[in-house]
Peer 1: 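Quick one: the structure is below, and I'll ask about it shortly.
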Amino acid sequence: MGDTKSDGIIFIDTWQEFNSLQYAGRVIHILCRKGNMGFTFQDTHYNISYGDYVILPNAALACGFSASDDFQGILMNLSEAFVTSIAIRSNYGIIGHLSLLRNPVMKLSERDFRICDAALRYLRERMEDKMHLFREELLGSLLTAHILDLYDIHARSHKDLQVSERVTFLLRSFIELLYDGEYIRNRDLGFYASRLCITPHYLSEICKKVSGKPASYWIDRFTMQEITRLLRQKELSLTELAERMNFSSVSYFSRYIQKRLGVCPTEYRNSLLRTTIRKIIPLEE
């Protein structure tokens, strides 16, 4: 496989080498330079083209990747441990993270595209210097600079958001509980508020201020992402799915899905069978 690795950073040479399952749990960055690409993220389908920058906070939440024959892009994925190790001193990270969970695509201006393109190319070039005595520190600094540029690009369209360290800590802890799969055992807002030693109302308020959505939205979003993933596994019965997701009964499980998807579990499964995978048609140049 023609990728370039440095512990927590992997660059992928061709689209065919990209495998979302292999990189589950990692952070994915994709800069589209030509052609089109499509994927499904948390049950929403996205199509991107030239100048779009995709950040998937967790590759496990995405599926159904496809690309046009003329697709060209820079694909980089990062381990969460490596991103954490560079310890960016900014509270903006949680704002960006929640925003990207809602919509992982950023539309870049021509200037921002040039900045991101150059940064990714230079980072990859410096990864080839295996003899550098401070290679990991160098790569960490270059990645930090690039992430701060991404913060800047995103923040320019969200100028009204200011978050304190306390709120940052609470929201990060809340999202970490969801990533750890707590939503399978607990979907009650009061549980999360209790774990964070705050009131349910306050948790919802800070979530809404930062992401535009209350805390219950995020609990449901993670829950439905897992449910729809399991529904694609046709060998699992609805009873098995309800048990895996800790629902008290199949009927309650069905009502939960009906309310959020607008269809019952069986109808959703049937719609998946009728869905055909279409190749993306390249844009005319």
Side-chain angles (χ1 to χ4, degrees), residues 19-26 28 38-46 56-66 80 97-98 100-104 170-201 203-204 207-208 211-277:
N19 184 331
S20 62
L21 294 178
Q22 180 179 350
Y23 302 123
R26 295 174 68 93
I28 305 295
F39 61 92
T40 298
F41 180 72
Q42 299 207 118
D43 228 33
T44 300
H45 189 75
Y46 296 88
L56 303 174
N58 186 334
L61 301 179
C63 63
F65 290 91
S66 62
E80 187 175 336
H97 189 88
L98 288 174
L100 291 168
L101 282 173
R102 290 185 63 193
N103 182 357
L170 291 171
L171 290 178
R172 184 178 292 117
S173 299
F174 173 55
I175 294 300
E176 284 176 356
L177 285 171
L178 294 175
Y179 271 125
D180 288 342
E182 199 62 60
Y183 59 88
I184 295 175
R185 296 173 290 276
N186 297 285
R187 286 179 285 275
D188 181 66
L189 178 60
F191 166 82
Y192 296 91
S194 177
R195 285 286 298 268
L196 299 174
C197 300
I198 57 177
T199 67
H201 177 74
L203 177 56
S204 277
C207 278
K208 196 167 184 178
S211 69
K213 297 290 186 179
S216 57
Y217 167 88
W218 294 107
I219 297 170
D220 280 345
R221 182 118 191 199
F222 275 78
T223 302
M224 288 308 304
Q225 170 66 27
E226 180 64 9
I227 287 175
T228 53
R229 185 186 72 81
L230 291 173
L231 283 171
R232 293 185 178 95
Q233 299 180 32
K234 306 298 192 302
E235 70 278 8
L236 296 176
S237 69
L238 294 185
T239 299
E240 289 174 311
L241 293 186
E243 290 176 352
R244 285 197 185 193
M245 295 301 298
N246 200 34
F247 282 85
S248 57
S249 67
V250 175
S251 60
Y252 177 36
F253 177 66
S254 296
R255 289 197 302 274
Y256 184 90
I257 295 173
Q258 176 82 40
K259 181 178 179 180
R260 287 155 182 82
L261 291 181
V263 295
C264 69
T266 303
E267 288 179 275
Y268 182 81
R269 275 187 160 171
N270 290 337
S271 70
L272 292 176
L273 290 173
R274 293 192 297 268
T275 300
T276 57
I277 300 173

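Worth saying up front: this structure is predicted, and the values here are computed from it rather than measured.
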Peer 1: Please list, chain by chain and in numerical order, all residues satisfying side-chain contact (heavy atoms from CB on, under 4.5 Å) with Lys208, sequence neighbours excluded.
Peer 2: none

Peer 1: Filter on salt bridge (Lys or Arg N to Asp or Glu O under 4.0 Å), then keep only pairs touching residues 251-263, sequence neighbours left out; what's left?
Peer 2: Asp220-Arg260

Peer 1: Sequence neighbours excluded, which residues qualify as side-chain contact (heavy atoms from CB on, under 4.5 Å) partners of Glu243?
Peer 2: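 With neighbours one apart ignored, the set is Thr239.
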
Peer 1: Can you tell me how far the SG atom of Cys63 sits from the CZ atom of Arg232, to the nearest 0.5 Å?
Peer 2: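 Between Cys63 SG and Arg232 CZ, I get 4.5 Å after rounding to 0.5 Å.
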
Peer 1: Return the set of residues passing side-chain contact (heavy atoms from CB on, under 4.5 Å) with Ser216 (not counting sequence neighbours), or none when no residue passes.
Peer 2: Pro214

Peer 1: Hey, what's the ring geometry for Phe174 with Tyr192, parallel, tilted or perpendicular (30° and 60° as the breaks)?
Peer 2: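 It falls in the perpendicular class, over 60°.
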
Peer 1: Just jot down the ring-ring contact (aromatic ring centres under 6.0 Å, His included) partners of Phe41, sequence neighbours excluded, or say none.
Peer 2: none

Peer 1: Can you find a heavy atom in the side chain of Thr223 that is under 4.5 Å from one in the side chain of Ile219?
Peer 2: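 Yes, side chains in contact.
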
Peer 1: Return all side-chain donor-acceptor pairs below 3.5 angstrom for residues 177-184, not counting sequence neighbours, or 'none' if the list is empty.
Peer 2:
from	atom 1	to	atom 2	distance (Å)
Tyr179	OH	His97	NE2	3.2
Glu182	OE1	Arg185	NH2	3.4
Glu182	OE2	Arg185	NE	3.2
Glu182	OE2	Asn186	ND2	2.8

Peer 1: To check you understand the geometry: which heavy-atom pair defines the closest contact between Gln233 and Arg269, and what is its length?
Peer 2: O-NH2, 3.0 Å

Peer 1: What residues form a side-chain contact (heavy atoms from CB on, under 4.5 Å) with Leu100, not counting sequence neighbours?
Peer 2: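 For Leu100, the residues satisfying side-chain contact (heavy atoms from CB on, under 4.5 Å) (neighbours in sequence not counted) are Ile55, Pro57.
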
Peer 1: Closest heavy-atom contact between Ala215 and Leu203?
Peer 2: CB-CG, 3.8 Å

Peer 1: What ring pair (Phe, Tyr, Trp, His ring centres under 6.0 Å) pairs are there with at least one residue in residues 224-265, not counting sequence neighbours?
Peer 2: Phe247-Tyr252, Phe247-Phe253, Phe247-Tyr256

Peer 1: Could you tell me whether a side-chain N or O of Ser204 sits under 3.5 Å from a main-chain N or O of His201, the two making a donor and an acceptor?
Peer 2: no

Peer 1: If I compare all heavy atoms of Ala242 with all of Ser249, which pair ends up nearest, and what's the gap?
Peer 2: CB-O, 4.2 Å

Peer 1: How would you list, by chain and number, every residue that makes a side chain to side chain donor-acceptor pair (under 3.5 Å) with Ser248, sequence neighbours excluded?
Peer 2: none

Peer 1: Should Leu171 and Cys207 count as side-chain neighbours, where that means a heavy-atom distance under 4.5 Å?
Peer 2: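 A side-chain contact exists here, since the closest heavy-atom pair is under 4.5 Å.
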
Peer 1: Report the residues that fulfil side chain to side chain donor-acceptor pair (under 3.5 Å) with Arg244, sequence neighbours left out, ordered by chain and then residue number.
Peer 2: none

Peer 1: Apply side chain to side chain donor-acceptor pair (under 3.5 Å) to Arg221 and list each qualifying residue two or more places apart in sequence or on a separate chain.
Peer 2: Tyr217

Peer 1: Pick one: which of Leu241, Thr266, Leu236 meets side-chain contact (heavy atoms from CB on, under 4.5 Å) with Leu231?
Peer 2: Leu241

Peer 1: If every non-hydrogen atom of Arg102 is compared with every non-hydrogen atom of Tyr46, which pair is closest and at what distance?
Peer 2: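 Heavy atoms of Arg102 and Tyr46 come nearest at O-OH, 3.1 Å.
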
Peer 1: So does Phe39 get a backbone contact from the side chain of His45, meaning a donor-acceptor N/O pair under 3.5 Å?
Peer 2: yes

Peer 1: Evaluate the side chain to side chain contact (heavy atoms under 4.5 Å, CB included) criterion for residues Ile257 and Ile227: first the C-alpha distance (whole Å), next the side-chain angles of each, then the deciding distance (0.1 Å), finally the verdict.
Peer 2: CA-CA 8 Å; Ile257 295 173; Ile227 287 175; 3.6 Å; yes

Peer 1: Mind checking what makes side chain to side chain donor-acceptor pair (under 3.5 Å) contact with Ser254, not counting sequence neighbours?
Peer 2: none

